[in-house]
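The shown structure was predicted, so the numbers you read here are calculated from the model rather than taken from an experiment. Reminder, nothing fancy here: chain letters follow the sequence lines and each chain counts from 1.
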Number of protein chains: 2
Amino acid sequence: MTITIYDVAREANVSMATVSRVVNGNPNVKPATRKKVLDVIERLEYRPNAVARGLASKKTTTVGVIIPDISNVFYAELARGIEDIATMYRYNIILSNSDQREDKELQLLENMFGKQVDGIVLMSDRVTNDLLHMIERSPVPIVLAGTIDATNRIASVNIDYYQAAYEAVTRLIQNKHQRIAFVSGSLSSTINRAFKYTGYEKALEDAGIAIDESLVIESDATYDEGMAAFNHLQKLANPPTAFFAGNDELAIGLIHGAQDRGVVVPEDIEVISFENSKLARMVRPTLTSVVLPLYDIGAVSMRLLTKYMNKEHIDEKTVVLPHRIEERQSLKKPI
Amino acid sequence: MTITIYDVAREANVSMATVSRVVNGNPNVKPATRKKVLDVIERLEYRPNAVARGLASKKTTTVGVIIPDISNVFYAELARGIEDIATMYRYNIILSNSDQREDKELQLLENMFGKQVDGIVLMSDRVTNDLLHMIERSPVPIVLAGTIDATNRIASVNIDYYQAAYEAVTRLIQNKHQRIAFVSGSLSSTINRAFKYTGYEKALEDAGIAIDESLVIESDATYDEGMAAFNHLQKLANPPTAFFAGNDELAIGLIHGAQDRGVVVPEDIEVISFENSKLARMVRPTLTSVVLPLYDIGAVSMRLLTKYMNKEHIDEKTVVLPHRIEERQSLKKPI
DNA sequence: TTGAAAGCGCTAACAA
DNA sequence: TTGTTAGCGCTTTCAA
């Protein structure tokens, strides 16, 4: 039924080895022979079977991608970066959602090992010991994208979240704020807890501002929780005048929460976000935000993975991409 | 190096066939034997090689997903629906972006055939003849998700876009509007041209309102183009008082375009969208919108595909999901 | 430059 | 209930 390399060999009066050579671009084939084989391939509409090839060569030209949730713009942007570079290097991608659950991450890894992927890009809020252990025992290279491994043992691509948070909060302090809230996503996320929160604290400390734990809100990082956080903070005896939001949705929730109560941004309160998705321009006022280069993190992760898969020399297994702050309207110009 | 079914067989003193049986849950194995094998599998950390299995069984338990752009929330939501059901049926997904380019769609299909996927879910704005031809010659079942095949020959999952558009525009007419603009995405998209636009026209016609082509704007369906469309339409001698937007981004662009010019929604103009992504609630005013059940379209497509792959009986190869209008603030209550 | 042949790790008759 | 054996379609030595 299906055309195999044998059929082509027979029709072209050559051995299957020769057909294999022309299919794989091996130069050791006489041009005339090559042409003859190519003609038969076209006539028979022969299509190499990647599964058989994978079994024989032990390479599937497929990489696994484990992502918390592809329907989340944040990760979708990362995934696109990964996919583009994968395509460029002729890899296909097996994409699976983990929903941030460690048990699923573990099971997904196991599943991908079984599928004989050539490498894996993993995104996770928290690299647990079990996960770390499994990654270290992986039969194929694994790169962490936008994901922190506190032990620094696994290859990864990130920005300096700590420094970025520090700068964001400092920018708020520059505008003379003393009461600065941090409305964060889950603090069980390493990036949020160990970097953004720490950067926030350090910036306040360096400015001689006392930390007030009541100004730190942990949330699900959604729009609704942003609104709820604003309402909650507004009821404080001494409410904040500036907000450092963990992501764009939270920031927009904060702004709409304020607007619904007649509080004007940036006149009455100021907001800085941490993401800069395309949502940042789709609110009024537009969001000043730390620029998280998600696409690039994905792309660079995949590029790094190709180096591991090709056993190329790796300069740095932990790459830190640059970040910056995009000034828009939710923050007044520096005074 | 790697543990194979042979190693397990040897260690357990059984034949590889028996190991294969226990791995595949074949009931024809004596419990004692099964246990013995299972123990060895655990001790050796044996992991079945899916590639070898795929070659021998001609089933890879992976399905291909061709999507225009995973970083677009619209498609990401669809993809999530597909992935969830795929996981439920123990399939993995190979995800590729086509960027709506026919040449890439064709090439991606070819690539997936080569990878021996068991089935494919395809999303595309426009099913060209070449694409249709390739789908019909596919060695594996293909289901279209949120994608129209005008010939109705290919299995697909959609809503009734024509009817939905008709209802949306009728809703605008109900609020006494006579000058109704349609700000659409690309009209080379079958859904936009043959259904939404047609529904728009029919609604106007049924209400005795003359079609004014200057009120129909074709765009890239982005936020910026929504704003640009508003500005353009506002300059007309007789500008529209109501807008039917092709998607949420366009609707938000329209609203912000209006607000930037001091035009108030819904007092001065009214807007209805067609998507109802989570963005719909993240604007002020919130968007009244036709609800496009993207997740469900993805999920149902994948479910339908499993039926084809299992050669189950198919009731309807063309499924049409229900839709409705979610009333929010960008439209006044019916008069 | 080409061919022969031995796997790759597994499934699936078929036989026992 | 278990084992034997022939592939699945290809890559990759090794020889010629």
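Of all nucleotides listed (C:dA4, D:dT2, D:dT4), C:dA4 comes nearest to the side chain of A:S15. Among D:dG3, D:dT11, D:dT1, the nucleotide with an atom closest to any side-chain atom of A:R53 is D:dT11. In the set D:dG9, C:dT1, C:dT11, C:dT11 carries the atom at the smallest distance from any side-chain atom of B:I5. Closest to the side chain of B:L55, out of D:dT2, D:dC8, D:dC10, is D:dC8. With D:dT12, C:dG9, D:dT11 as the choices, the nucleotide that has an atom nearest any side-chain atom of A:N24 turns out to be D:dT11. For B:Y6, the side-chain atoms get nearest to C:dC10 when compared with the rest of C:dT11, D:dT2, C:dC10.
Considering CD of B:E105 and CG of B:N97, their distance stands at 11.5 Å, rounded to 0.5 Å.
Ion pair B:D296/B:R303 not flagged as a salt bridge, since none of the NZ, NE, NH1 or NH2 atoms sits closer than 4.0 Å to an Asp/Glu carboxylate oxygen. Ion pairing between a basic and an acidic side chain is recognised when a charged N comes within 4.0 Å of a carboxylate O; B:D39 and B:K36 show no such pairing. Using a cut-off of 4.0 Å between Lys/Arg side-chain N and Asp/Glu carboxylate O, B:R101 and B:D103 are scored as salt-bridged. Of the charged side-chain nitrogens involved, none lies within less than 4.0 Å of a carboxylate oxygen, so that B:D125 and B:R193 do not count as a salt-bridged pair.
Computed from coordinates, the A:M16 CE to D:dG9 C1' distance equals 7 Å when rounded to whole Å. Distance CD1 (B:I3) to P (C:dC8): 14 Å, rounded to an integer number of Å. The CG-C1' distance, from B:D7 to C:dC8, rounds to 13 Å in whole Å. Per the geometry, CD belonging to B:Q116 stands 19 Å off P belonging to C:dC10, to the nearest Å. As a whole-Å value, the separation of A:N13 CG from C:dT1 C1' is 16 Å. Between the CG atom of B:N49 and the P atom of D:dC8 there is a distance of 18 Å, given to the nearest Å. If you take NZ of A:K59 and P of D:dG9, they are 23 Å apart, rounded to a whole angstrom. Atom P of nucleotide D:dT2 and atom CG of B:N26 are separated by 10 Å, given to the nearest angstrom.
Listed pair B:S57 / C:dA12 fails the phosphate criterion, with no side-chain N or O lying under 4.0 Å from OP1 or OP2. Contact annotation: B:T18 side-chain N/O to D:dT1 OP1/OP2 distance is not under 4.0 Å. Phosphate proximity of C:dG7 to A:K58: absent, as no side-chain N or O sits under 4.0 Å from OP1 or OP2. The side chain of B:T33 contributes an N or O atom lying less than 4.0 Å from OP1 or OP2 of D:dT2.
Within 3.5 Å, a donor on the side chain of B:R21 pairs with an acceptor on the base of D:dG3, or the reverse.
Residue A:S20 is in base contact, counting any heavy-atom pair closer than 4.0 Å across all strands shown. Within 4.0 Å (heavy atoms only), A:N28 reaches at least one base atom of the nucleic acid. Among the protein residues, A:V23 comes within range of no part of the nucleic acid, since none of its heavy atoms lies under 4.0 Å from any strand.
For A:E316, the CD atom counts as loosely surrounded, since its 6.0 Å shell holds 12 or fewer non-hydrogen atoms of other residues, nucleotides or ligands.
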